[in-house]
> 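Got a structure for you, written out below as structure tokens; questions coming shortly.
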Amino acid sequence: MIKDENDGKVMRAFAKQYKNVAAASTEIINLQSIMNLPKGTEHFLTDIHGESEQFNHVLKNGSGSIRRKIDEEFGNTLSNKDKKSLATLIYYPEEKLEIVCREEDNIEDWYKISLHRLVQIIKRVSSKYTRSKVRKALPRDFSYVIEELITEKEEIQDKEAYYNEIIHTIIRIGRAPRFIAALSHLIQRLVIDHLHIVGDIYDRGPGPHIIMDTLCEYHSVDVQWGNHDMVWMGAASGHLACIANVIRMAARYGNLATIEDGYGINLLPLATFAMEVYEKVDTHVFTIRYNTDYNTKDLGLDTRMHKAMAIIQFKLEGQLILRHPEFHMEDRLLLDRIDYASGTVDIDGRTYKMLDMDFPTIDPEHPYELTEEENKVMMRLQGAFLKCEKLQRHVRFLYAKGGMYKIYNGNLLYHGCVPMNPDGTFAGVEIYGRPYKGKALYDILEYYARRGYYARDSAERCAGQDMMWYIWNGKGSPVFGKEKMATFEAYFVEDPETHREQKNAYYQLLEQEETACRILEEFGLNSKDAHIVNGHVPVEQIHGESPVKCGGKLLVIDGGFSKAYQKKTGIAGYTLVCNSRGMRLVAHEPFESARAAILNESDIISDTMDVETFPRRKLVADTDIGKELKESIYYLEELLEAYQNGTIIETEV
């Protein structure tokens, strides 16, 4: 008997897929067996900031997971040198094969040894998955052969000869290099079941577009939007203030090539404007923080473009703040507080000497109005951002796979903070006339961020786009988490006290366990077992700061992945790995380059800290997928009963 109308609808839907008792019974057995497998490994990264080479290396080595599997499989039977060589082959198979083929005297022996070792590793990393899941991950060209090599053949007496003959044939017909590459990529694929990116893919580093290309092809991933991601998302929607911020920051860090070459966005209108209007203008405070890859022949022009866009940004942001008094950001209206006669500016009631007063496009009577030329430049840039297919594809991916926060397997992931008052209560933030706090604040901001890109109604779309800019740097934004972004002061005022960006009280309350418990409960999680994982503010390990807060309930995994932060943190980033046995935090040393890793077989040197060891090994049944499987099993068992008592008729007998 069908219990209620909803159960009946679900069972009838299942009946279309499982048409008889045998099919339903088989699926129940299959799902029940999956529930008892170990949970897959989750990999957490945050604050990548365009460092594509280090990101790709950490992704390839699974934050040391592959090397751990090599150690587990081979123990003392392989030397450390051989283990390093095998690990490098798995990380960079095509590049390593090119070197080996050029230098190895007996290439066939090397192929044979390497293939046997790779097959052993694949057997180990695939052991926690069903055969069906492994089969789906196999590369199409070699799926049958790989399945033969990793599957035990009980019916074959001389198994070793059988497997050796397969490998010998692969070598003999010249397929060994491609097969080795396929096995290596499969190991990378299987060692990590799911990837979490906890915000800030963009800005500072030169390769965010490369990172996004990689993520778009990754087998299982989610993204929690960071404020730097949000400003790029706003720029892709055509929002002028977001576009200005994106270009100014790219100029400041010597990364205009990311926009021009990486995304194919034409910056010629801005370059022409800067050469004509800013040719003889003082630009000494607009220095560019470039890296070793920067072409210094562009320095003069880029510096002028940097200043030109900064002034446009301050004007556009002023217009926004005047249009939205509910943002409560009047303290960021500074162009009208400049005294052009004395060369000073009033900030928070104090007068400071300006370091630069050469502003050819600012009208002191109407400081926030764009000139006709500035407006033309922005209209051209807006069109270029809107028409950039690659950028639009990347941003659509961020919307499809991302959000302001994520609850996954009982853990809460968000980029910045949950705004709090000094007494530990959730701070209320006014969003278009209504106060929100805690989870409700995250939810309403995500709603507007999605409307800013997708809404068809122009007024609704504009409101969403303005809110995307607010999420980027508004004082109530949880992914910004500071009182102000002191961009103006950093350029124009010498006093470092004006550059200070006061963090939300959340960051002073992080050491109190009750803070994490309150947040977890606000998001509907059991504070006894759950964790918070976030980034945004770099952990200064160099000064003894720990990324583990609130008695292990809160993990701040921003440790300076971006080179811009590494002097401050003392390391090159944290990552987090959670497998069936526990959670471990990995602190990485600076990464030289992929080329050095290949030539020298050097990995990132990493220190590992166990955050938590589970009292029993976690199974798929303990995960979010397990909850879905339990629900499916429930309905399948109901369907089975309905078949058996004739309530629902089998369609295939």
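Remember, it's a predicted structure, so these values are computed and weren't measured experimentally.
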> Which residues pass the side-chain contact (heavy atoms from CB on, under 4.5 Å) test with Gln512, not counting sequence neighbours?
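Here the qualifying residues are Leu509, Glu514, Thr515.
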> The criterion is side-chain contact (heavy atoms from CB on, under 4.5 Å); which residues satisfy it with Ser79, sequence neighbours excluded?
Lys81, Asp82
> Within this structure, what is the CD1-OG distance for the pair Ile70 and Ser65, rounded to the nearest 0.5 Å?
11.0 Å
> Taking Asn411 as the fixed residue, which of Lys406, Lys553, His531 is the one that meets the side chain to side chain donor-acceptor pair (under 3.5 Å) rule?
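Exactly one pass, corresponding to His531.
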> As an exercise, state the distance from CD1 of Ile211 to CD of Gln54, rounded to the nearest 0.5 Å.
10.0 Å
> In sequence, state the C-alpha distance, the side-chain angles, and the governing distance for Asp229 and Val479, and then conclude on side chain to side chain contact (heavy atoms under 4.5 Å, CB included).
CA-CA 10 Å; Asp229 305 318; Val479 296; over 6 Å; no
> Any side-chain to backbone donor/acceptor pair from Ser477 onto Asn473? Under 3.5 Å, distance only.
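No; judged by distance alone, with no hydrogens or angles, the pair does not exist.
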> Within a strict 4.5 Å, meaning less than it, do heavy atoms of the Glu42 and Asn409 side chains meet?
yes
> Under the 3.5 angstrom rule, does the side chain of Asp261 hit a backbone N or O of Gly264 as a donor-acceptor pair?
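Not confirmed, Asp261 side chain does not pair with Gly264 backbone.
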> If the threshold is 4.0 Å, N to carboxylate O, is there a salt bridge linking Arg450 and Glu446?
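Answer for the salt bridge query: yes.
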> What's the shortest heavy-atom distance between Ile259 and Ala250, and which atoms?
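Taking every non-hydrogen atom into account, CD1-CB, 3.7 Å.
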> Consider only side-chain N and O atoms of His196 and Asp222, and report whether a donor and an acceptor are under 3.5 Å apart.
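On atom types as modelled, these side chains qualify, holding a pair under 3.5 Å.
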> Would you say the side-chain atoms of Asp193 pair up with the backbone N or O of Thr41, donor to acceptor, closer than 3.5 Å?
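Judged by distance alone, no pair lies under 3.5 Å.
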> Roughly how far, to the nearest 0.5 Å, is CD1 of Ile187 from CD1 of Ile66?
7.0 Å
> Taking Glu72 as the fixed residue, which of Arg124, Arg581, Lys123 is the one that meets the salt bridge (Lys or Arg N to Asp or Glu O under 4.0 Å) rule?
Arg124
> Without hydrogens or angle criteria, can the side chains of Asp213 and His394 be said to hold a donor-acceptor pair below 3.5 Å?
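Result is yes, a qualifying pair exists.
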> With rounding to the nearest 0.5 angstrom, report the OH to CZ distance, Tyr263 to Arg393.
8.5 Å
> Would you call Asp71-Lys83 a salt bridge at under 4.0 Å N-O?
yes
> Tell me whether Asn36 contacts the main-chain N or O of Ser33 through its side chain, where contact means a donor paired with an acceptor under 3.5 Å.
no
> Test Asn579 against Phe614 for side chain to side chain contact (heavy atoms under 4.5 Å, CB included), laying out the working first.
CA-CA 10 Å; Asn579 60 23; Phe614 301 138; 5.5 Å; no
> Would you say the side-chain atoms of Lys503 pair up with the backbone N or O of Gln508, donor to acceptor, closer than 3.5 Å?
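No.
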> Using the ring of each side chain (for Trp, its six-membered ring), is Tyr442 parallel, tilted or perpendicular to Phe523, with breaks at 30° and 60°?
perpendicular
> Might you point out which heavy atoms bring Phe142 and Arg178 nearest each other, and give the distance in Å?
CE1-O, 3.8 Å
> Could you report the tightest heavy-atom contact between Val586 and Ser63, atom names first, then the distance?
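Closest heavy-atom pair between Val586 and Ser63: CG2-O, 3.8 Å.
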> Hey, is the main chain of Glu612 close enough, under 3.5 Å, to the side chain of Asp610 for a donor-acceptor pair?
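A pair under 3.5 Å: no.
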> Would you say the side chains of His228 and Asp47 form a donor-acceptor pair under 3.5 Å?
no
> In Å, rounded to the nearest 0.5 Å, how long is the span from CD of Glu513 to CG of Leu554?
11.0 Å
> Looking at Tyr218 and Val221, what are the two nearest heavy atoms and their distance?
CD2-CB, 4.2 Å
> Give a yes or no on whether the backbone of His415 and the side-chain of Gln224 come within a donor-acceptor separation of less than 3.5 Å.
no
> Aromatic contact between Tyr399 and Tyr454, with the criterion being ring centroids under 6.0 Å apart: yes or no?
yes
> Is there a donor-acceptor contact under 3.5 Å from the side chain of Asp203 to the main chain of His49?
no
> Minimum heavy-atom separation for Ser580 and Arg617, please, with both atom names.
OG-NE, 2.7 Å
> With no hydrogens and no angle check, do the side chains of Glu94 and His185 hold a donor and an acceptor under 3.5 Å apart?
yes
> Considering residues at least two apart in sequence or located in another chain, which fulfil the side-chain contact (heavy atoms from CB on, under 4.5 Å) criterion with Ile598?
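Only Tyr92, Glu95, Ile99 meet the side-chain contact (heavy atoms from CB on, under 4.5 Å) criterion with Ile598.
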